[in-house]
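Below: one structure, written as structure tokens.
Predicted, not measured: the structure shown is a model, and the values here were computed from it. Note that ligands are numbered from 1 as they come in the structure, with each ligand's atoms numbered from 1 the same way.
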Amino acid sequence: MSEGPLTAFDAVVVGAGPAGSAAALQLARAGWSVALVERQHFPRRKVCGECVAASNLPLLHALGIGAAFDAAAGPALQRVRLLAGDEAIAAALPAAAHNRHRWGRALGRETLDVILLEQARAEGVAVLQPCILQTIQGTPGRWHCDVRPLGSAALLRLRSALVIDAHGSWDALPFERPRRRLGHNASDLFAFKANFTGSSLLAGDIAVLTLDGGYGGMVVADAGMVTVACCIRRDRLARLRSEAPGARAGDVVEAFLRRACAGVRQALDGAAREGPWLTSGPLATGMRIDATDDIFRIGNAAGEAHPILGEGLSMALQSAALLCSHLLGRTCTVPDAAAQAGMQRRYAAAWRKAFAPRLRLAAVFAHLAMRPGGTALLMALLHHWPGLLTQGARWGGKVRLAAPLASPAAPRASGRASAGAASRTP
Ligand SMILES: Cc1cc2nc3c(=O)[nH]c(=O)nc-3n(C[C@H](O)[C@H](O)[C@H](O)COP(=O)(O)OP(=O)(O)OC[C@H]3O[C@@H](n4cnc5c(N)ncnc54)[C@H](O)[C@@H]3O)c2cc1C
């Protein structure tokens with residue numbers, strides 16, 4: 001394997017999902033030289049319910065993609081509808097206090113991730129794509145990252161003062177201890193997503209599905225396309241597959257959703273699926289961020305909530321803003337090793353304060369929704385107090401911005417640390 005010359009950056013960001021692109025963009029805007037490493041070609045579809053909560057819309061505008069988001073995203077999401085078997089309970093979603101951005105909207109990840117990444121590139125981020133981070137060595141202030149362009153034997157060698165891990169949660173990075181438990185667990189959750197045209201799902205509704213052995217959601221996203229996403233336990237999936245030998249997992253899951261939930265049957269009656277079901281898993285929910293980390297973690301790499309609340313994109317975008325506000329401070333100077341340790345502690349504490357309650361609420365809701373007894377209790381409570389759904393969405397963070405955008409008004413005055421601010425695609 002051949003090695004290229006070292007290229008120096010202030011920061012290397014791994015992963016160009018919403019967390020990575022948002023962080024790279026904010027640091028580049030403040031005058032840092034930033035490399036953003038993404039292993040996949042874009043546009044790419046991704047397993048996700050694709051609802052962007054209202055709390056993020058001012059952030060997207062501040063990042064410079066507000067107009068593109070407004071032009072592309074689906075209708076304003078103003079109601080939540082909880083579906084259990086043949087029953088449905090609807091409630092209003094809370095409106096954000098912002099006078100222009102009161103409601104969330106849904107947008108396919110093949111569009112959202114591209115507009116964010118292109119904005120990062122336009123603001124001077126060096127985009128290395130498709131490239132995979134192979135190794136990372138060193139200590140804060142002196143990192144060396146080896147990055148391999150896909151399909152090439154050559155290595156790009158990057159030096160940087162700090163590394164930001166935004167690679168999501170589906171795979172461990174090469175230098176990490178395997179995070180996932182060895183062996184299989186009956187309660188492991190596998191995630192599925194498909195898009196449909198011609199659905200009768202009400203525009204403006206987020207439908208939340210409770211399933212025996214899983215949970216899910218449906219929403220009208222961009223161009224009238226409906227996104228259906230769900231998580232199914234390993235043991236449930238195995239039973240479903242044994243009942244339909246030879247069938248694809250996605251088809252088995254779709255048949256299950258239609259059978260188990262009248263709301264899905266109605267919404268998908270006469271609808272056509274666009275492309276295959278996508279699947280990923282198992283899910284790795286929980287907190288990974290640690291005050292003693294050497295590298296900074298954002299998005300799902302920092303922690304992941306059960307997606308039943310649809311708050312993962314908020315946590316990705318807002319943790320990026322939170323981290324950048326700590327890194328840039330008032331001066332926008334690139335921090336040395338000692339300063340990074342202090343920032344790491346303060347950022348980890350702020351992250352926990354902002355997002356740990358969301359993780360806990362999502363876990364409680366998910367476990368109730370996956371069990372028939374829990375669902376019965378939930379539906380009984382909500383029949384009496386449907387407003388609890390509205391309040392739950394508020395507690396879940398739908399209208400609260402956890403972090404202000406790092407001040408773009410104070411870019412570092414001089415001294416870009418690197419040769420590498422140009423955009424490059426190997
Ligand atoms: C079923 C389901 C439904 C969901 N629904 C919603 C919803 O409606 N609303 C919501 O807000 N959230 C939802 N989420 C959560 C949301 O999808 C995630 O929280 C969000 O994608 C996290 O963003 P991220 O930027 O942290 O990571 P990701 O979006 O996962 O991006 C990580 C990027 O890193 C890249 N990468 C990985 N490893 C490497 C490597 N070694 N080198 C280079 N690049 C690498 C990947 O290719 C990827 O592009 C849902 C999740 C699931 C599973």
Side-chain angles (χ1 to χ4, degrees), residues 12-24 35-53 55-56 77 104-109 112-114 116-117 127-136 145-150 164-176 189-194 206-209 214-219 221 227-232 253 277-285 288 297-320 355 358 362 366 396-398:
V12 169
V13 181
V14 187
S21 289
L36 178 56
V37 185
E38 169 55 50
R39 73 175 175 188
Q40 289 191 291
H41 282 285
F42 280 10
R44 51 104 175 82
R45 296 174 69 223
K46 195 162 177 24
V47 177
C48 183
E50 310 188 319
C51 296
V52 181
S55 56
N56 302 294
L77 300 172
R105 297 169 70 183
L107 179 59
R109 295 290 299 272
L112 176 67
D113 291 23
V114 169
L116 260 170
L117 177 62
V127 179
L128 306 176
Q129 183 186 33
C131 281
I132 186 156
L133 180 82
Q134 292 272 112
T135 60
I136 167 169
C145 302
D146 284 342
V147 169
R148 187 171 57 77
L150 282 193
I164 298 176
D165 177 5
H167 86 288
S169 54
W170 296 119
D171 302 295
L173 285 178
F175 57 88
E176 288 178 321
L189 284 171
F190 288 84
F192 292 84
K193 169 253 183 81
I206 297 180
V208 178
L209 322 178
Y215 56 81
M218 301 189 291
V219 71
T227 300
V228 180
C230 63
C231 293
I232 309 285
V253 165
W277 279 89
L278 301 183
T279 181
S280 307
L283 224 63
T285 54
R288 287 176 271 279
R297 298 179 202 279
I298 52 176
N300 275 14
E304 181 171 12
H306 275 276
I308 192 162
L309 285 186
E311 273 298 295
L313 293 170
S314 304
M315 289 171 57
L317 292 163
Q318 296 178 31
S319 63
F355 303 119
R358 260 176 248 200
K398 290 272 168 240

Per-atom contacts of ligand 1 with [X], taking only distances under 4.0 Å to non-hydrogen atoms:
X: Gly312; value: 10 (C), 11 (O), 12 (N), 15 (C), 19 (O)
X: Val37; value: 43 (C), 44 (N)
X: Gln40; value: 47 (O)
X: Ala19; value: 25 (O), 26 (O)
X: Ala316; value: 23 (O)
X: Ala191; value: 1 (C), 53 (C)
X: Arg109; value: 17 (O), 20 (C), 21 (O), 29 (O)
X: Gly299; value: 26 (O)

Among Arg148, Lys398, His306, His167, which one has a heavy atom closest to atom 32 (C) of ligand 1?
His167

Among Pro307, Gly303, Gly168, Gly15, the residue with a heavy atom nearest to atom 52 (C) of ligand 1 is Pro307

Report the part of [X] in contact with ligand 1, treating N, CA, C, O as backbone and CB onward as side chain, heavy atoms under 4.0 Å; options are side chain, backbone, both, neither.
X: Leu173; value: side chain
X: Lys193; value: neither
X: Ala106; value: neither
X: Cys51; value: both
X: Glu50; value: backbone
X: Ser280; value: neither
X: Arg44; value: side chain
X: Cys48; value: both

For the side chain of [X] and the backbone of [Y], is there at least one donor-acceptor N/O pair under 3.5 Å apart?
X: Gln129; Y: His41; value: no
X: Arg288; Y: Asn300; value: yes
X: Thr279; Y: Ala191; value: yes
X: Lys193; Y: Ser280; value: no
X: Ser319; Y: Ala316; value: yes

Mind checking what makes side-chain hydrogen bond (donor to acceptor under 3.5 Å, both in side chains) contact with Lys46, not counting sequence neighbours?
none

When rounded to the nearest 0.5 angstrom, what is the spacing between [atom1] in [X] and [atom2] in [Y]?
X: Leu133; Y: Glu38; atom1: CG; atom2: CD; answer: 11.5 Å
X: Leu283; Y: Glu304; atom1: CG; atom2: CD; answer: 4.5 Å
X: Cys51; Y: Leu77; atom1: SG; atom2: CG; answer: 5.5 Å
X: Phe355; Y: Gln318; atom1: CZ; atom2: CD; answer: 5.5 Å
X: Arg358; Y: Ser314; atom1: CZ; atom2: OG; answer: 6.0 Å
X: Asn56; Y: Leu313; atom1: CG; atom2: CG; answer: 7.5 Å

Looking at ligand 1, does any of its N/O atoms fall within less than 3.5 Å of an N/O of [X]?
X: Glu38; result: yes
X: Leu283; result: no
X: Ala229; result: no
X: Ala301; result: no
X: Ile298; result: no

Heavy atom of the protein closest to [atom] (residue, atom name, distance):
atom: atom 26 (O) of ligand 1; value: Asn300 N, 2.8 Å
atom: atom 42 (N) of ligand 1; value: Leu133 N, 3.2 Å
atom: atom 11 (O) of ligand 1; value: Leu313 N, 2.7 Å
atom: atom 3 (C) of ligand 1; value: Gly49 N, 3.2 Å
atom: atom 44 (N) of ligand 1; value: Arg39 N, 3.2 Å
atom: atom 31 (O) of ligand 1; value: Gly17 CA, 3.4 Å

Sub-4.0 Å heavy-atom contact, Lys46 with ligand 1:
yes

Quick one: does Cys131 get within less than 4.0 Å of ligand 1, heavy atoms only?
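Yes, Cys131 has a heavy atom closer than 4.0 Å to ligand 1.
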
Closest contact, heavy atoms only, [X] versus [Y]:
X: Ala35; Y: Leu128; result: CB-CD1, 4.3 Å
X: Ala106; Y: Val219; result: CB-CG1, 3.8 Å
X: Thr227; Y: Cys48; result: CG2-O, 3.5 Å
X: Tyr215; Y: Ala366; result: CE2-CB, 3.6 Å
X: Leu36; Y: Ser21; result: CD2-OG, 3.8 Å

So if I apply the side chain to side chain contact (heavy atoms under 4.5 Å, CB included) rule between Arg297 and each of Val14, Ile164, Asp165, which one comes out positive?
Asp165

